[in-house]
Amino acid sequence: MKYRILRPLALILVLASIAAAQDVASFEKRITIKKLPNGLTILICERPEAPVFSFYTMVDAGSAQDPMGATGLAHMFEHMAFKGTDTIGTTDYAAEKPALEKVETAYAAYIAERDKSVGRDEAKLKDLEKAWKDAIADADKYVKSNEFSKIIEQNGGEDVNASTSYDATDYEYSLPSNRLELWAYLESERFLHPVMREFYKERNVVIEERRMRTDSNPTGRLIEQFTAAAFAAHPYHRPTVGWMSDLNSFSATDAQKFYDKYYVPSNMVVAVAGDVKAAQVLPILEKYFSRLPAHSHPDEITTTEPPQNSERKVVLKEKSQPLYLEGYHRPDYMTKDDAVYDAITDLMSEGRTSRLYRALVRDKKIAAFSAGFTGLPGIKYPHLFAFYAFPLPGHTTQEVADAIHVEIERLKKEDISDDELKMIKTRTKANLIRGLAENTGLANQLAIYQTRYGDWRELFRTVDRIDKVTKADIRRVANETFNDTNRTVGIIETAPGGGAAAEQGSADQGGAQ
């Protein structure tokens, strides 16, 4: 009994000592921020523990910005990120450029014929498709495959990565500190002179990605249909990977237009963290990133999701493991109650002491796992707080749904305990510290908070906001949010002959109800 009391006390003391070096005042001494005349924001965090640095470039455009008829377009830039420039990745750009233009001309002619609703000439269509593919083969003759990535790797680069969410697209990797100028050149150059090289090859990769992760994956299909059901109007109803018809239609020309609109300096934040001195590296970053021409900031207008006034449900019958998922609409991350939703996430899902794990997994033994979380499918716009559970064999999705609802009703009717509230706040501090332990995580967080709040310091104020959350806040927000008419449900029911070991992609797909 005494041991159980001492453990959280010891944790708090350790966190207090570590946090002393992880507060705003400490970081203010090490962080330099500058907004360049073209609108691009640069953050530099001096952290001389090892002779390396990490960067995180965040472009404030994700799949929510995909144009109608071109879903998946934002995600394409993740695949095009390291294809090179007009000097890297090509044997002869003077010849490659017109060859790429011919690809676009041929593709436009092919699509125009393919998409005719009346009078399509099949023989002509076949000839146009061949002409387009021949043009691609001609342009490919000038490609030096993976040259951009090879330069990074040859100079000690690690963890090269790009990712796309509903809200943003980001790029990151790490290098030795003495390669910072090389990185500044490479990163700015690919934004200054982008080339839509091997675009249709990468589009085919994305098509296969969709087939593997969504079309042949019951959980992927459920999440896609669940999200589409939850968001009738807002762009969050579009899948990040894109709809198949769009993937088979949009062009490199469409991608360039998207790039020209959203990949502008005022829509980008670049954060660097590691063994760097701001006084030395800021002039280098200014030299290279100031080359990017200024453009007007893209408008941020989007369709507002109307209030939901009835429960929506999607049920898939699959030869796979059953799954229960439900989501409730909540405001975006700027709401005054954002920290309350974070506190509920921690209470319901953080570790083996969380309410859902204890109730469904440990005590009732009806689920293999269960959790609740905020931020589905993004956070920039009003989104969902979701709960889910994987029923154990012999138990149903209705059983786990009922058990989840019992825990939700507890939130709505009973105050959480003092110990629970204290541990939520302690874990928030611990998670903040863990997130700043490495250069990659630090650069990531600084860029995100600078983009979302216009001030990186908000990263540290998350602890203050959690500290202000009360038991009454949790009950109030639970009652405001977790209501039947505000709920969307997604279910995978195991089809006859199915089960967790069944082949994932072989079942028929159910429909929305």
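- Taking the ring-ring contact (aromatic ring centres under 6.0 Å, His included) definition, one finds that Y236 meets it with Y166, F231, H234, Y381, sequence neighbours left out.
- For CD of E438, the number of neighbouring non-hydrogen atoms (other residues, nucleotides, ligands) closer than 6.0 Å is 12 at most.
- Between F385 and F387, the ring planes lie tilted relative to each other; the angle falls in the 30° to 60° range.
- Judged by distance alone, the side chains of T41 and Q450 never bring a donor and an acceptor atom under 3.5 Å apart.
- Enclosure of atom CZ in R291 by more than 12 non-hydrogen atoms of other residues, nucleotides or ligands within 6.0 angstrom is indicated.
- A donor-acceptor contact shorter than 3.5 Å is absent between the side chain of T227 and the backbone of H237.
- For the salt bridge (Lys or Arg N to Asp or Glu O under 4.0 Å) condition, the pairs that include at least one residue of residues 223-239, sequence neighbours left out, are R210-E224.
- Residues F258 and D66 form a side-chain contact, since some pair of their non-hydrogen atoms from C-beta on lies under 4.5 Å apart.
- A salt bridge links K380 and D60; the closest N-O separation between the charged side-chain nitrogens and carboxylate oxygens is under 4.0 Å.
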Intermediate values then yes/no, side chain to side chain contact (heavy atoms under 4.5 Å, CB included), V59 and Y259 | CA-CA 10 Å; V59 181; Y259 188 95; over 6 Å; no
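- With rounding to the nearest 0.5 angstrom, the CZ atom of R461 is 10.0 Å from the NZ atom of K468.
- For the pair E305 (side chain) and A232 (backbone), a donor-acceptor distance under 3.5 Å is present.
- Ring geometry for F390 against Y388 counts as perpendicular: the plane angle is over 60°, on a 0 to 90° scale with 30° as the lower cut.
- The two residues A168 and M58 have their closest heavy-atom pair at CB-CE, 3.7 Å.
- Nearest heavy-atom pair, P322 versus T397, reported as atom, atom and distance to 0.1 Å: CB-CG2, 4.1 Å.
- With E420 as reference, R358 is the one residue of R358, K425, K471 to meet the salt bridge (charged side-chain N to carboxylate O under 4.0 Å, His left out) rule.
- Looking only at side-chain heavy atoms (C-beta outward), L411 and I416 come within less than 4.5 Å of each other.
- In this structure the side chain of V241 never reaches within 4.5 angstrom of the side chain of R213, judged on heavy atoms.
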Would you check, one step at a time, whether the test side chain to side chain contact (heavy atoms under 4.5 Å, CB included) holds for L360 with H395?
-> CA-CA 11 Å; L360 278 74; H395 297 280; over 6 Å; no
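- If you take CG on L446 and SG on C45, they are separated by 6.0 Å, rounding to the nearest 0.5 Å.
- Side-chain atoms of L285 and V270, non-hydrogen and from C-beta on, never get closer than 4.5 Å to each other.
- Using modelled atom types, one finds no donor on one side chain facing an acceptor on the other under 3.5 Å when comparing D338 with T335.
- Contact record, A64 with P235: O-CB, 3.4 Å, taken as the closest heavy-atom pair.
- Neither side chain, T164 nor H75, offers a donor N or O lying under 3.5 Å from an acceptor on the other.
- Residues D167 and R452 have side chains in contact (heavy-atom distance under 4.5 Å, counting atoms from C-beta outward).
- Counting all heavy atoms, side chain and backbone alike, L392 lies closest to A368 at CG-N, 3.6 Å.
- Here R221 pairs with E318 in a salt bridge; the nearest charged N to carboxylate O distance falls below 4.0 Å.
- Among L73, T169, N267, the single residue meeting the side chain to side chain contact (heavy atoms under 4.5 Å, CB included) criterion with Y262 is N267.
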Between K429 and D467, does a side chain to side chain contact (heavy atoms under 4.5 Å, CB included) hold up when you go through it step by step?
-> CA-CA 10 Å; K429 295 172 185 175; D467 273 340; 4.0 Å; yes
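- Taken from OG in S174 to CZ in F53, the straight-line distance is 8.0 Å, to the nearest 0.5 Å.
- At least one side-chain heavy atom of N431 sits under 4.5 Å from a side-chain heavy atom of R434.
- If you check the side chains of S63 and T240, you find a donor sitting under 3.5 Å from an acceptor.
- For the pair K364 (side chain) and A403 (backbone), a donor-acceptor distance under 3.5 Å is absent.
- With hydrogens and angles ignored, the 3.5 Å screen pairs a side-chain donor or acceptor of N217 with a backbone N or O of G220.
- A donor-acceptor distance shorter than 3.5 angstrom exists from the side chain of N38 to the backbone of L292, with no hydrogens or angles considered.
- Remark: of the listed residues Y171, F148, F289, F289 is the sole one forming a ring-ring contact (aromatic ring centres under 6.0 Å, His included) with W183.
- A side-chain donor-acceptor contact under 3.5 Å links R330 to the backbone of D332.
- Between the R475 side chain and the K413 main chain, a donor and an acceptor come within less than 3.5 Å of each other.
- Panel note: side chain N486, backbone Y328; no donor-acceptor pair is recorded below 3.5 Å.
- Close placement of the F77 and Y263 rings is indicated, their centers lying within 6.0 Å of each other.
- In the model, T481 has a side-chain atom that pairs as donor or acceptor with a side-chain atom of Y341 under 3.5 Å.
- In this structure a side-chain-to-backbone donor-acceptor pair under 3.5 Å is missing from N439 to S54.
- Note that the CD1 atom of I42 and the CD1 atom of I284 stand 11.0 Å from one another [nearest 0.5 Å].
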Test Y449 against L43 for side chain to side chain contact (heavy atoms under 4.5 Å, CB included), laying out the working first.
-> CA-CA 11 Å; Y449 277 80; L43 274 164; over 6 Å; no
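- When ring centroids are compared, Y333 and Y453 come within the 6.0 Å threshold.
- In summary, the side chains of E189 and Y288 do not present any donor paired with an acceptor at a separation below 3.5 Å, with no hydrogens or angles considered.
- Taking each heavy atom of G242 and L247 in turn, the nearest pair found is O-CD1, 4.1 Å.
- Not one N or O on the side chain of N155 forms a donor-acceptor pair closer than 3.5 Å with the backbone of L175.
- At a threshold of 4.0 Å, the pair R487-D484 counts as salt-bridged, since one of the basic side-chain nitrogens sits closer than that to a carboxylate oxygen.
- There is no side-chain donor-acceptor pair under 3.5 Å between T485 and N309.
- The structure places CG of N444 at 9.0 Å from CG of L442, a figure rounded to the nearest 0.5 Å.
- Two residues are said to be in side-chain contact when any heavy atoms from C-beta on lie closer than 4.5 Å; R352 and R362 fail this criterion.
- Interatomic distance, D473 CG to T470 OG1, rounded to the nearest 0.5 Å: 3.0 Å.
- Residues T71 and D246 bring a donor and an acceptor atom of their side chains to less than 3.5 Å of each other.
- In this structure, the side chains of V272 and L180 come closer than 4.5 Å at one or more pairs of heavy atoms.
- Both the sub-6.0 Å distance and the 45° axial angle are satisfied by R30 relative to the ring of F27.
- Pairing each heavy atom of F226 with each of V489, the nearest pair is CD1-C, 3.9 Å.
- We find that R465 and D342 are not joined by a salt bridge, their nearest charged nitrogen and carboxylate oxygen being 4.0 Å or further apart.
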